[in-house]
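This report concerns only the one structure given below.
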Amino acid sequence: MPHIFIDGHVHIHPGFSWEEVLHHALHNFQRIEEEVRPVQSVRFLLLTESSGVDSFAALAALAARAAQQGPSLGPFHIRQTNEASTLACEKDQILSFFVVAGRQIVTAERLEVLALGLHTPYPDGQPVGEVLSHLSRLPCLAVLPWGAGKWLGQRGKLVAQLISQAPAAPLFLGDNSNRPFFWPLPPLFARAKVQGIRNLAGSDPLPFPGQEKKVGSFGVWLSGTIDPLQPFSSLCTLLRNPKTALHPFGRCESLYPFFKQQILMQFKKKRPSSPSATP
């Protein structure tokens, strides 16, 4: 049975090149596969785009042009699938991975919610309970991603409350590669696991030069079959099945980069936002 490798938290920040992102993602997935040794691989990049950013739309426009003109992103050929939220990426006429649209939503409580598979804008600033309730009625996957400092204090209590109240199927938690190696997986993950709420991890590249190299380096893999015409729908079916085992892959951040990035992020929050990236 094929192995399915997923990076469940992918940002395309200003300054990132889609060609570079795809190049590094393919290299990172292949490195993980050397350890797992699957008979066959299917790979997914699940985008988590912030308000005002829509790199997926730019990539979809390339796919539409490629249908007429052929490859237009270096060695990669981007083509459409039967899903508006999903694009297929090929290299040398071989499927490299599926790229799936998604949003990162900032709630009124300053928590983040990932809406994986959502290809339309979603407003920030709404209460987290309302956001999760609404997303549960949409064809997407809702994830509460871990972030340094974001699950502490009152926000941590709120996350614990959401975990205790949430049915397992519509909700996931999400670890990411920015968690430092000395920082254990927060206890909320274990509490959620007891209730059937699982960890759908991802790389979560930060908005700094060189971070595009992380895409595809952190996430989960599972076994199953993917419909190439409706890849994200079939992935959702697998992920929502409590019998599907999710296996984490990738390494957490080392000490110096973690503290450096946290300091840089604090400075960045005080600066005006930059224009979004293009292919």
Side-chain angles (χ1 to χ4, degrees), residues 1-12 16-26 28-30 33 38 40-49 53-104 114-122 135 137-143 172 200 202-203 215-216 219-241 244 277-279:
M1 185 174 293
H3 283 41
I4 303 163
F5 296 83
I6 306 167
D7 184 339
H9 194 154
V10 179
H11 292 286
I12 309 298
F16 285 16
S17 155
W18 260 117
E19 184 177 345
E20 285 294 306
V21 168
L22 298 178
H23 168 77
H24 290 296
L26 182 58
N28 287 329
F29 277 130
Q30 290 174 337
E33 289 161 15
Q40 182 181 355
S41 298
V42 182
R43 313 174 188 109
F44 282 85
L45 299 179
L46 306 185
L47 302 187
T48 53
E49 304 206 76
V53 179
D54 199 349
S55 296
F56 180 83
L59 196 62
L62 275 180
R65 292 200 300 271
Q68 303 293 329
Q69 304 169 4
S72 57
L73 200 59
F76 295 100
H77 176 68
I78 312 300
R79 61 173 175 82
Q80 298 163 320
T81 69
N82 287 2
E83 298 176 320
S85 64
T86 312
L87 298 169
C89 174
E90 298 174 343
K91 183 180 181 183
D92 300 326
Q93 299 183 327
I94 298 173
L95 179 67
S96 295
F97 26 67
F98 293 106
V99 179
V100 181
R103 310 304 305 177
Q104 177 174 279
L114 308 181
L116 306 177
L118 186 64
H119 68 281
T120 55
Y122 198 101
L135 294 181
R137 301 190 295 273
L138 299 178
C140 65
L141 299 174
V143 181
F172 293 83
L200 183 52
S203 60
V215 177
V220 298
W221 67 266
L222 57 136
S223 298
T225 302
I226 295 296
D227 180 350
L229 298 179
Q230 299 187 8
F232 183 66
S233 296
S234 52
L235 178 65
C236 287
T237 299
L238 290 169
L239 289 171
R240 288 171 175 152
N241 184 345
T244 301
T278 61

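If you're wondering where the values come from, they're calculated on a predicted model, not measured in any experiment.
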Inter-residue atom distance [X].[atom1] - [Y].[atom2], 0.5 Å rounding:
X      : Y      : atom1 : atom2 : value
Asp54  : Ile12  : CG    : CD1   : 11.5 Å
Leu87  : Leu47  : CG    : CG    : 9.0 Å
Leu116 : Ser85  : CG    : OG    : 10.5 Å
Arg43  : Ile6   : CZ    : CD1   : 13.0 Å
Glu49  : His119 : CD    : NE2   : 12.5 Å
Leu235 : Leu46  : CG    : CG    : 6.5 Å

Before you tell me yes or no, could you show the steps for His77 and Gln93 under side chain to side chain contact (heavy atoms under 4.5 Å, CB included), namely the whole-Å CA-CA distance, both residues' side-chain angles and the distance that decides it to 0.1 Å? CA-CA 8 Å; His77 176 68; Gln93 299 183 327; over 6 Å; no
Say whether, by atom type as modelled, one donor and one acceptor occur between the side chain of [X] and the main chain of [Y] under 3.5 angstrom.
X      : Y      : value
Thr244 : Leu238 : yes
Asp227 : Ser234 : no
Thr48  : Val10  : yes
Asn28  : Gln30  : no

For a quick check under 3.5 Å, do His24 and Glu20 share a side-chain donor-acceptor pair by atom type? yes
Minimum heavy-atom separation for [X] and [Y], please, with both atom names.
X      : Y      : value
Glu33  : Ser41  : CD-OG, 3.3 Å
Gly8   : Leu114 : O-CD1, 4.0 Å
Thr225 : Pro2   : OG1-CD, 4.4 Å
Gly117 : Cys140 : C-CB, 4.3 Å
Ile226 : Val42  : CG1-CG1, 4.1 Å
Ala88  : Leu95  : CB-CD1, 3.9 Å

[Y] and [X], any side-chain heavy atoms less than 4.5 Å apart:
X      : Y      : value
Pro38  : Phe5   : yes
Leu141 : Cys236 : yes
Leu118 : Thr120 : yes
Val99  : Ile78  : no
Pro75  : Glu19  : yes

Which residues satisfy the side chain to side chain donor-acceptor pair (under 3.5 Å) test with Thr86, sequence neighbours excluded?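 Side chain to side chain donor-acceptor pair (under 3.5 Å) check on Thr86 returns Glu83.
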Could you walk me through whether Phe172 and Val220 satisfy the side chain to side chain contact (heavy atoms under 4.5 Å, CB included) test, starting with their C-alpha distance in whole Å, then the side-chain angles of each, then the deciding distance to 0.1 Å, before giving a yes or no? CA-CA 13 Å; Phe172 293 83; Val220 298; over 6 Å; no
The salt bridge (charged side-chain N to carboxylate O under 4.0 Å, His left out) partners of Arg103 (sequence neighbours excluded) come to none
Contacts of Phe44 meeting ring-ring contact (aromatic ring centres under 6.0 Å, His included) (sequence neighbours excluded), chain-then-number -> Phe98
Check the angle between the aromatic planes of Phe76 and Phe97 and answer parallel, tilted or perpendicular using the 30° and 60° thresholds.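 Rings of Phe76 and Phe97: parallel, as their planes differ by under 30°.
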